[in-house]
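Values below: all heavy atoms of this structure, side chains included; hydrogens, waters and symmetry mates excluded. Quantities reported herein were computed from a predicted structural model and do not represent experimental measurements.
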Amino acid sequence: MGKTYFISRHPGAVTWAARRGIPVDRTLDHLEIELVHPGDTVIGTLPINLVARVCERGGRYLHLSLSLPPELRGQELSAETLERLGARLEEYEAVRKPCPEARK
């Protein structure tokens, strides 16, 4: 069984995951893509290019999703606020493909 990495620099998100009993082997502020091996799980709010790299390396990606109102953008959110906003994990797969328009 692979390792689970929680990628977040937000204490509220880390606390939210712990309170929900989400098993995590290692919490990191930044994803070091070389750590990801087939069967590993990465949890966070990564940009799509990193999600694709996780998938390319045989990892599974779980996105910490929530409906964030504009007035809370840019603020540090507590675990309680995340819960109130309906935070949840959603699995995503991403595939990087060549873009013909980028070659023009």
Rounded to the nearest 0.5 Å, what's the gap from [atom1] on [X] to [atom2] on [Y]? Could you check?
| X | Y | atom1 | atom2 | value |
| --- | --- | --- | --- | --- |
| Ile33 | Glu56 | CD1 | CD | 8.0 Å |
| Leu77 | Leu66 | CG | CG | 7.0 Å |
| Glu34 | Leu31 | CD | CG | 8.5 Å |
| Cys55 | Arg60 | SG | CZ | 11.0 Å |

Between Glu80 and Arg19, is there a salt bridge with N-O shorter than 4.0 Å?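 A salt bridge is present here (some side-chain N lies under 4.0 Å from a carboxylate O).
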Taking Arg20 first and then Glu83, would you say they form a salt bridge - that is, a charged N and a carboxylate O separated by under 4.0 Å?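 Answer for the salt bridge query: yes.
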Over all heavy atoms of both residues, which pair between [X] and [Y] is shortest? Give the atoms and the distance, please.
| X | Y | result |
| --- | --- | --- |
| Tyr61 | Leu46 | OH-N, 2.8 Å |
| Ser8 | Asp29 | O-OD1, 3.5 Å |
| Gly59 | Val36 | CA-CG1, 4.1 Å |
| Asp25 | Gly2 | OD2-O, 4.2 Å |
| Thr15 | Ala79 | CG2-CB, 3.8 Å |
| Thr45 | His63 | CA-CE1, 3.4 Å |

Could you give me the CA-CA distance, side-chain angles and deciding distance for Ile22 and Ile43, then say whether side chain to side chain contact (heavy atoms under 4.5 Å, CB included) is met? CA-CA 10 Å; Ile22 298 167; Ile43 302 170; 3.8 Å; yes
Do the non-hydrogen side-chain atoms of [X] and [Y] ever get within less than 4.5 Å of each other?
| X | Y | answer |
| --- | --- | --- |
| Pro69 | Leu72 | yes |
| Trp16 | Leu64 | yes |
| Arg84 | Leu82 | no |
| Tyr5 | Val24 | no |
| Leu62 | Thr4 | no |
| Leu68 | Arg73 | yes |
| Leu28 | Leu35 | yes |
| Arg26 | Lys3 | no |

Around Glu71, counting heavy atoms of other residues, nucleotides and ligands shown, do more than 12 lie under 6.0 Å from its CD?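 It does: Glu71 CD has more than 12 such atoms within range.
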Is Arg88 atom CZ crowded by more than 12 heavy atoms from other residues, nucleotides or ligands, each under 6.0 Å away?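 Buried by this count: over 12 neighbours within 6.0 Å.
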Check whether Leu89 and Val54 end up in the same hydrophobic cluster, where Ile, Leu, Val, Met, Phe, Trp and Tyr are linked by side-chain heavy atoms less than 4.5 Å apart.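 They do not share one cluster, since no chain of ILVMFWY contacts under 4.5 Å joins Leu89 to Val54.
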Check the pair Arg96 / Asn49 against side chain to side chain contact (heavy atoms under 4.5 Å, CB included), numbers first and verdict last. CA-CA 7 Å; Arg96 182 174 31 176; Asn49 60 310; over 6 Å; no
Please evaluate residues Phe6 and Val14 with respect to the criterion side chain to side chain contact (heavy atoms under 4.5 Å, CB included), reporting the C-alpha separation (whole Å), side-chain torsions for both, the decisive distance (0.1 Å), and the verdict. CA-CA 8 Å; Phe6 192 95; Val14 174; 4.0 Å; yes
